[in-house]
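Note sheet for the following structure.
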Number of protein chains: 4
Amino acid sequence: MCSVKGTIDRRGAILAAAGKVFHAHGYAATTMEAVAAEAGVAKGSLYNYFRNKQDLFTQLFAEITAGDEAETDQLVAEDILADEKLQKLIDNVFAQLERYTAIGGLVLEFWATAARQTSASSVEPQHQGELAEMFEQMFSRWRRQTGAIVTQGIESGLFRAEIDPEVAASLIVAVVDGIIVHSILDVGADFGPHSLAALKRGLLAALSAWADTKDQLDRGEL
Amino acid sequence: MCSVKGTIDRRGAILAAAGKVFHAHGYAATTMEAVAAEAGVAKGSLYNYFRNKQDLFTQLFAEITAGDEAETDQLVAEDILADEKLQKLIDNVFAQLERYTAIGGLVLEFWATAARQTSASSVEPQHQGELAEMFEQMFSRWRRQTGAIVTQGIESGLFRAEIDPEVAASLIVAVVDGIIVHSILDVGADFGPHSLAALKRGLLAALSAWADTKDQLDRGEL
Amino acid sequence: MCSVKGTIDRRGAILAAAGKVFHAHGYAATTMEAVAAEAGVAKGSLYNYFRNKQDLFTQLFAEITAGDEAETDQLVAEDILADEKLQKLIDNVFAQLERYTAIGGLVLEFWATAARQTSASSVEPQHQGELAEMFEQMFSRWRRQTGAIVTQGIESGLFRAEIDPEVAASLIVAVVDGIIVHSILDVGADFGPHSLAALKRGLLAALSAWADTKDQLDRGEL
Amino acid sequence: MCSVKGTIDRRGAILAAAGKVFHAHGYAATTMEAVAAEAGVAKGSLYNYFRNKQDLFTQLFAEITAGDEAETDQLVAEDILADEKLQKLIDNVFAQLERYTAIGGLVLEFWATAARQTSASSVEPQHQGELAEMFEQMFSRWRRQTGAIVTQGIESGLFRAEIDPEVAASLIVAVVDGIIVHSILDVGADFGPHSLAALKRGLLAALSAWADTKDQLDRGEL
DNA sequence: AATGAATGAGGGTTCATTCAT
DNA sequence: CATGAATGAACCCTCATTCAT
């Protein structure tokens, strides 16, 4: 409405381009020129929307992860059994495996490099902190939400009472992230529907109170 | 014998320095100058031992992972029960978590960037191939060894017969690597002895034939 | 017209600077920094106009030799006697001796080194091929044009019929280039107007049919 | 006698190796390491025999040209006709064309680069002067000897009296060097026996007193 | 806002030369 | 004399960032 002719969403276009290029080449090997070319704008224009390369990356990350929190919070609040919730949670992740893989590579790389730096570099530490904080938040939210589901399961008697929800959440998140990482690394492991089912079965087996689980098994539901 | 004092292990010193600097700054942000400084040698000296930066990295990786295969193969061949073997395997990994963490960041970064690419970069593809192959081998060995243990467990009736050893191995490796990654990223999750025990318990619960597991649980062994 | 003042010809300035510096120091001893300094631009700016050092050199060569072909072709086509044509051709060369001397050193050096090689060097063979091809073309054009004049002379009865135009052209070009080389090397030989006249006289004596030449000699024209 | 076992001529071996490598790669692209490898000695050993790279090159040049002077002086002193002498001189050069080609490339390159330098370079100018002087001497000797033959020819009435021996010598040397250069550059010109004969014929035609030459032509000797 | 030429610090790598053994 | 590891100056080239238009 306010954008009449060619006033396309430049910022969006740049972010989209950045997503492609960062994913294709990694952070270090991505040049601002390549992003500009992919976005169809001039190199200098990037700096009208983003302070610098790191800022571009940070905002890209924010863009990609935006919306995840709300979605998952909604799932946590749904009125279904905890085991089903957990399965849905996992299904959701794997349904978006591609997206997570895309961003995952960047997270890994970025963390593996700049974010860990203590000294060095002419990059202003401020920006790094921004990204580090975003990472931290993403993971802690992820654990918190998973922990909530586990707690629900324990409270409803579905999961074994002696389970520590925090520990369980950490481990569950670790499995899922491990799979994502293996997918990113494309390391030979195959995570098709078969593996996915096995994963869910295994997780529930580990979490479930025996009777219930056994019943489910008997009913052939797992 | 005649070379005790003066014959310093320059190559070793450089590798050690490279390990530190790579770990601290990541691959891209590590300068050969920094490595040289850390090693206490001149920049040019690095090239007496390593063809280039990539070669230094590759050989560092080889150095760090050397010995792992034999050690684990030995474990696989031991004459103990599969569940105990699996626990030992995991214990081994976590006992060396620090070492894996050190190299892990580099693996992640490297894979997340250069290794995924076929085009780009002026780096000779040969070296990337070398490293890629080493990665591939490391992971596939890791899965193979884990799978062997799972198979042993199934054959001895300890683990449920319907388990696909390959799938199980992939998932187990994924959990473990997920934890390593989380450790690398230092993302807020705590993987102390408590979590470790829970992990082992959960894994065995997911793998075990019910009766046996239940017995063990009854005996309070898990 | 609207760009009179500010629109400096950066590329031209760099080429001019490169000409000076290459000529003064030779290819190998010329640093991009020196060229940049001479041109009054930053080091990095060179790479906005030329892909690399070789490309700069190649384009410099192309720039210098541009226009020669057309000019000489025109001479060949003129409606004057072959012996006069030949003399004009030589006069032209020597009138531009300075320019040929400037570029000649580079040609010699380049050919004497990199261009002879197929292996070695990290330089992309493509560029060398480019330059090698330009050299080849320059020399073959040179011979072709000279050969055409000789043929004209033979056909008109001015030159001896038993002369092989190709051989004669090769030799004539060799003399001229030999003189250029000696000038480049500044090796003590003096090629003033006196020598030039002697050269032309000698050449025509060697080429001419006896009767005519003798007549000319008798008339004191040579 | 004084060299019993392995005391081979190290210096000679190095020079031979240097000749090969310099010829193959040119001065700039030749590394001391490559020379050492070719010679089968350690890099450091080169510096026991030669002060530095330039010195090695200079001494190589001296070695190669040694003996030429005496040989040609002998020819000049022989008791044969001047035209035959000239032909022999040329024959000699072309009989050794390969050797001259080998050294020629280096002369050209060296002159084209280091020797012309006025400022710059950390190389001590002293060495350059040495080489420059050697070049100068080689060419001036070459002209002097040729001039002597021309003078003999004039005095004996074989060559035209009005010829300036110095100019003629300069031109003759220029032709010959031109051909050498073209051979070095391998520029498409073919200088087989046919061309060689034509060259000699042409030269004598240009030099010769008419009657004599005509007689020779009539006798079919040219 | 958009552009893209200009910048220049910095990185990886080479190699002539030295010197301790 | 022989060796070859060590050195470090220097080079080519990249690319994030700026700024005049």
Side-chain angles (χ1 to χ4, degrees), chain A residues 6-7 10-11 28-37 40-56 121-123, chain B residues 2-3 6-8 10-11 28-36 40-56 121-123, chain C residues 2-3 6-8 10-11 28-36 40-56 121-123, chain D residues 6-7 10-11 28-37 40-56 121-123:
Chain A
T7 313
R10 280 286 223 274
R11 187 173 171 281
T30 290
T31 70
M32 295 300 266
E33 180 126 34
V35 173
V41 302
K43 212 185 341 179
S45 296
L46 301 184
Y47 292 86
N48 289 329
Y49 298 94
F50 306 94
R51 277 169 312 194
N52 51 36
K53 195 181 177 184
Q54 288 241 9
D55 186 43
L56 173 59
S121 119
S122 59
V123 188
Chain B
C2 54
S3 62
T7 311
I8 313 154
R10 279 291 219 273
R11 187 172 172 280
T30 290
T31 72
M32 294 301 265
E33 184 132 31
V35 173
V41 301
K43 203 176 4 168
S45 296
L46 302 184
Y47 294 86
N48 289 330
Y49 298 94
F50 307 95
R51 275 171 314 204
N52 50 37
K53 196 182 176 183
Q54 286 249 5
D55 187 43
L56 173 58
S121 109
S122 59
V123 188
Chain C
C2 54
S3 61
T7 310
I8 314 153
R10 279 289 219 275
R11 187 172 172 281
T30 290
T31 72
M32 294 302 265
E33 185 131 31
V35 173
V41 300
K43 208 186 342 178
S45 296
L46 303 183
Y47 295 87
N48 289 332
Y49 298 94
F50 307 95
R51 277 171 312 203
N52 50 38
K53 195 180 177 183
Q54 287 249 5
D55 187 43
L56 174 58
S121 108
S122 59
V123 188
Chain D
T7 313
R10 279 286 221 276
R11 187 173 171 283
T30 290
T31 68
M32 295 300 267
E33 180 125 36
V35 173
V41 302
K43 210 184 342 178
S45 297
L46 301 183
Y47 293 86
N48 290 328
Y49 298 94
F50 306 94
R51 276 171 312 195
N52 49 37
K53 195 180 176 184
Q54 288 242 9
D55 186 44
L56 173 58
S121 123
S122 59
V123 188

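By convention in this document, chain letters (A, B, ...) are assigned in the order of the sequence lines, proteins followed by strands, and residues within each chain are numbered from 1.
B:M32 and B:N52 get closest at one heavy-atom pair: CE-C, 4.2 Å. The two residues B:A28 and A:A28 come nearest to each other via the heavy atoms CB-CB, 3.6 Å. Between B:T30 and B:K53, the shortest heavy-atom contact is O-NZ, 2.8 Å.
Checking C:N48 against A:G44, the closest nucleotide of DNA chain F that is more toward the 5' end is the one next to C:N48. The residue among C:G40 and A:L46 whose nearest nucleotide of DNA chain E lies closer to the 5′ end is A:L46.
Which of E:dT7, F:dA6, F:dC13 sits closest to the side chain of C:S45 comes down to E:dT7. Of all nucleotides listed (E:dT13, F:dT17, F:dT14), F:dT14 comes nearest to the side chain of C:Y47. When each of F:dA16, E:dT17, E:dG12 is scored by its nearest atom to the side-chain atoms of A:M32, the top-ranked nucleotide is F:dA16. Nearest nucleotide to the B:K43 side chain, out of F:dA10, F:dA16, F:dC1: F:dA10. Listed candidates were E:dA6, E:dA2, E:dT17. Nearest to the side chain of C:R10 is E:dA6. For C:Y49, whose side chain is taken as the heavy atoms from C-beta onward, the closest listed nucleotide among E:dA5, F:dC13, F:dA16 is E:dA5.
One atom, NZ of B:K53, and another, P of E:dT14, lie 15 Å apart when rounded to the nearest Å. As a whole-Å value, the separation of D:L56 CG from E:dC15 P is 16 Å. Rounded to whole Å, atom P of F:dC1 lies 12 Å from atom CZ of D:R11. Here F:dC15 presents its P atom at 17 Å from CD of A:Q54, a figure rounded to the nearest Å. Going from atom CZ of D:F50 over to atom C1' of E:dA16 covers 16 Å, rounded to whole Å. Rounded to an integer number of Å, the gap from CG of D:N52 to C1' of F:dA9 is 17 Å. If you take CD of D:E33 and P of F:dA6, they are 14 Å apart, rounded to a whole angstrom.
The partner of E:dA9, taking Watson-Crick or G-U wobble pairs whose two distances both stay under 3.5 Å, is F:dT14. The nucleotide E:dA1 finds no pairing partner, because no Watson-Crick or G-U wobble arrangement with both distances shorter than 3.5 Å includes it. A 3.5 Å limit on both hydrogen-bonding distances identifies F:dT3 as the Watson-Crick or G-U partner of E:dA20.
To the nearest 0.5 Å, atoms CG (D:L46) and CZ (D:R10) are separated by 10.5 Å. One distance of note links OH of D:Y47 with CG of D:D55; it measures 10.5 Å at 0.5 Å rounding.
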